[in-house]
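Note that the coordinates shown come from a computational prediction; the quantities given were computed from them, not determined experimentally. Per chain, numbering begins at 1; letters A, B, ... match sequence-line order.
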There are 2 protein chains.
Amino acid sequence: MHAIEGAAARPAAPSGLRERKKRRTRDTLIRSALELFARKGYERTTVDEIAEAAEVSQRTFFRYFANKEEVALAMQTAVDALFLATLRSRPAAEAPLPALRGAVLGTWDGARAVIEAVVPLELHLCTYRLIESTPQLLAARLRALSEVEERLALEIARREGLDPRADPRPHVLVAAFGGVMRVTTRAWGERGEGGLDDLRELTVAYLDQLGPALAENWRA
Amino acid sequence: MHAIEGAAARPAAPSGLRERKKRRTRDTLIRSALELFARKGYERTTVDEIAEAAEVSQRTFFRYFANKEEVALAMQTAVDALFLATLRSRPAAEAPLPALRGAVLGTWDGARAVIEAVVPLELHLCTYRLIESTPQLLAARLRALSEVEERLALEIARREGLDPRADPRPHVLVAAFGGVMRVTTRAWGERGEGGLDDLRELTVAYLDQLGPALAENWRA
DNA sequence: GAGAATTATGTCAGTGCCTGCCAATTGGCC
DNA sequence: GGCCAATTGGCAGGCACTGACATAATTCTC
């Protein structure tokens, strides 16, 4: 095991006993961690507790996750990979912003399956709010998002046949888009309740405000 | 001392011997830390070394800064406060986006003075790149920026007489603006060399791409 | 199917960040 | 000088994380 592999890593999964066992251990670690985090909070949960709940040693935990943050953000990372894959599958004729918008809306369906294969959906929604309310986790999440944005920008540049070093538009577009997505997630989290459908709805509403917000006169 | 106070905290600084000594200790800690970080890298510098260089105990270090990240980002925090103050001093008639743009450009001048009162400008520029290249610092910086953005959004809402809970435009605008600012800083850092003037120039160039990047057809 | 090669896991010791606690020192004020 | 309040230092300890080595489990090879 060199690094954490995306959900769709290799074309044909080796799927020996070893691989399946590793996947099970990893999933168990994630589930144990998210449950403990939801119950006692992130900072009040020690890695030792997570390892014990998953019935492995602390050292093994750190062989699966580089740090405590990584296990907390594991499902978000999986969804990020799905989002990127969805964008790549968009028709080449589509303009950049509609492609991003379409990809984000198209991701929710697949995301549900990816998540529920590991943890209950309810627990994942709890984690969203946990991240927003835990400074250290929010910081780590924002950093991960900035890496996603970088890859999105490269993909947009590729689609448009541009050199991302020469033309700032891919990075600028993705930065603006990413900013709106974060604000959306945050606003959704603050609303307290609400499921994935509400988040989807809010996403549309906020993205539609991007044009008007940049307009000179808001009173028009 | 309850918390870190902005550069312009109280109307009349008490300025007793005690206060001056505290400020000197704090500035010395920042300078010592940034020098060590620039020389040996962030992770390879221990808090003990910083404290020793500033001739205080480790315990005292943690009375001035909540953690190691905070001292690394101290100057950026000061500039953030200046930026917010600059925005507040903008004419009320100005539209949101021009006000943000004007504030960011107007901040550079004052920033130079604020910085050089504590550390050499050159060292501060080094720190910018250090942050970009140190995962933990970048994460902390992004989180701090998201807090700044929240306050910016509230200020924009106030200027426009809007309820930020009801109208998403302040948050959406600031998120897009903040995203572009981060991309700008990043691009500037990757260019290797370049001073504050280059950053200012790049800021203008990137902000001007915001409209075009959101347009449907980039080939027009 | 037995042994060899590979890989995952456990144990242990150690470093560094950070905190609570209490004693000692220092500055402010009469 | 002498009292009060604030600052500081030292110490013990918890927790995140890492390197090194031994052990146990798979997979490979014949």
| said: Any carboxylate oxygen within less than 4.0 angstrom of a Lys/Arg side-chain nitrogen, looking at B:Glu132 and B:Arg129? | reply: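 Looking at B:Arg129 together with B:Glu132, the answer is no, because their closest N to O distance does not fall below 4.0 Å.
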
| query | Is the shortest side-chain N to carboxylate O distance from A:Arg186 to A:Glu190 below 4.0 Å? | reply |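 Salt bridge between A:Arg186 and A:Glu190, a charged N being under 4.0 Å from a carboxylate O: yes.
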
Look at the side-chain N and O atoms of [X] and state whether any lies under 4.0 Å from the OP1 or OP2 oxygen of [N].
| X | N | answer |
| --- | --- | --- |
| B:Thr60 | D:dT8 | no |
| B:Ser57 | D:dG9 | yes |
| A:Tyr64 | C:dA8 | no |

Please report the distance, rounded to the nearest Å, between [atom1] in [X] and [atom2] in [N].
| X | N | atom1 | atom2 | result |
| --- | --- | --- | --- | --- |
| B:Lys68 | C:dC18 | NZ | P | 8 Å |
| B:Arg23 | C:dG27 | CZ | P | 19 Å |
| A:Lys22 | C:dA8 | NZ | C1' | 8 Å |
| B:Lys40 | C:dG16 | NZ | C1' | 13 Å |
| B:Arg20 | C:dG28 | CZ | C1' | 13 Å |
| A:Asn67 | C:dC17 | CG | C1' | 14 Å |
| A:Gln58 | C:dA8 | CD | C1' | 17 Å |
| B:Arg44 | D:dT18 | CZ | C1' | 14 Å |

| field | Of residues 46-55 of chain A, the positions that come close to DNA chain D - non-hydrogen atoms, cut-off under 4.0 Å | value | A:Thr46, A:Val47

Is the backbone of [Y] close enough, under 3.5 Å, to the side chain of [X] for a donor and an acceptor to pair up by distance?
| X | Y | answer |
| --- | --- | --- |
| B:Lys68 | B:Thr45 | yes |
| B:Asp198 | B:Gly195 | yes |
| A:Arg200 | A:Leu105 | yes |

| said: The test is salt bridge (Lys or Arg N to Asp or Glu O under 4.0 Å); show your working for B:Glu147 and B:Arg143 and say whether it passes. | reply: CA-CA 7 Å; B:Glu147 276 180 14; B:Arg143 196 186 79 77; 2.9 Å; yes

| task | Would you indicate which nucleotide in D:dG10, C:dC18, D:dC17 comes nearest to any side-chain atom of A:Phe62? | result |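 Closest nucleotide among those given: D:dC17.
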
| task | Report the C-alpha distance between A:Leu152 and A:Phe83 in whole Å, list the side-chain angles of each, state the deciding distance to 0.1 Å, and finish with yes or no for side chain to side chain contact (heavy atoms under 4.5 Å, CB included). | result | CA-CA 9 Å; A:Leu152 289 178; A:Phe83 174 51; 3.6 Å; yes

| task | May I have the step-by-step check of side chain to side chain contact (heavy atoms under 4.5 Å, CB included) for A:Arg159 and A:Arg88, ending in yes or no? | result | CA-CA 9 Å; A:Arg159 287 168 60 95; A:Arg88 283 197 234 270; over 6 Å; no

| Is the count of non-hydrogen atoms from other residues, nucleotides or ligands lying under 6.0 Å from A:Glu49 atom CD greater than 12? |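 Check passes, neighbour count above 12.
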
Could you list all N or O pairs between the protein and nucleotides 21-25 of chain C that sit under 3.5 Å apart?
none

| task | Kindly assign one of parallel, tilted or perpendicular to the pair B:Tyr128 and B:His124, based on the angle between their ring planes and the thresholds 30° and 60°. | result |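 Taking B:His124 first and then B:Tyr128, their aromatic rings stand perpendicular (interplane angle over 60°).
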
| side chain to side chain contact (heavy atoms under 4.5 Å, CB included) evaluation trace for A:Arg26 with A:Phe65 | CA-CA 9 Å; A:Arg26 185 182 145 84; A:Phe65 303 97; 3.3 Å; yes

| remark: Readout for nucleotides 25-30 of chain D: B = base within 4.0 Å of protein heavy atom, S = sugar-phosphate only, - = neither; 5' to 3' it is BBS---

| field | Candidate pair B:Arg141 and B:Asp80, rule salt bridge (Lys or Arg N to Asp or Glu O under 4.0 Å), full reasoning | value | CA-CA 11 Å; B:Arg141 177 60 184 150; B:Asp80 290 345; 2.8 Å; yes

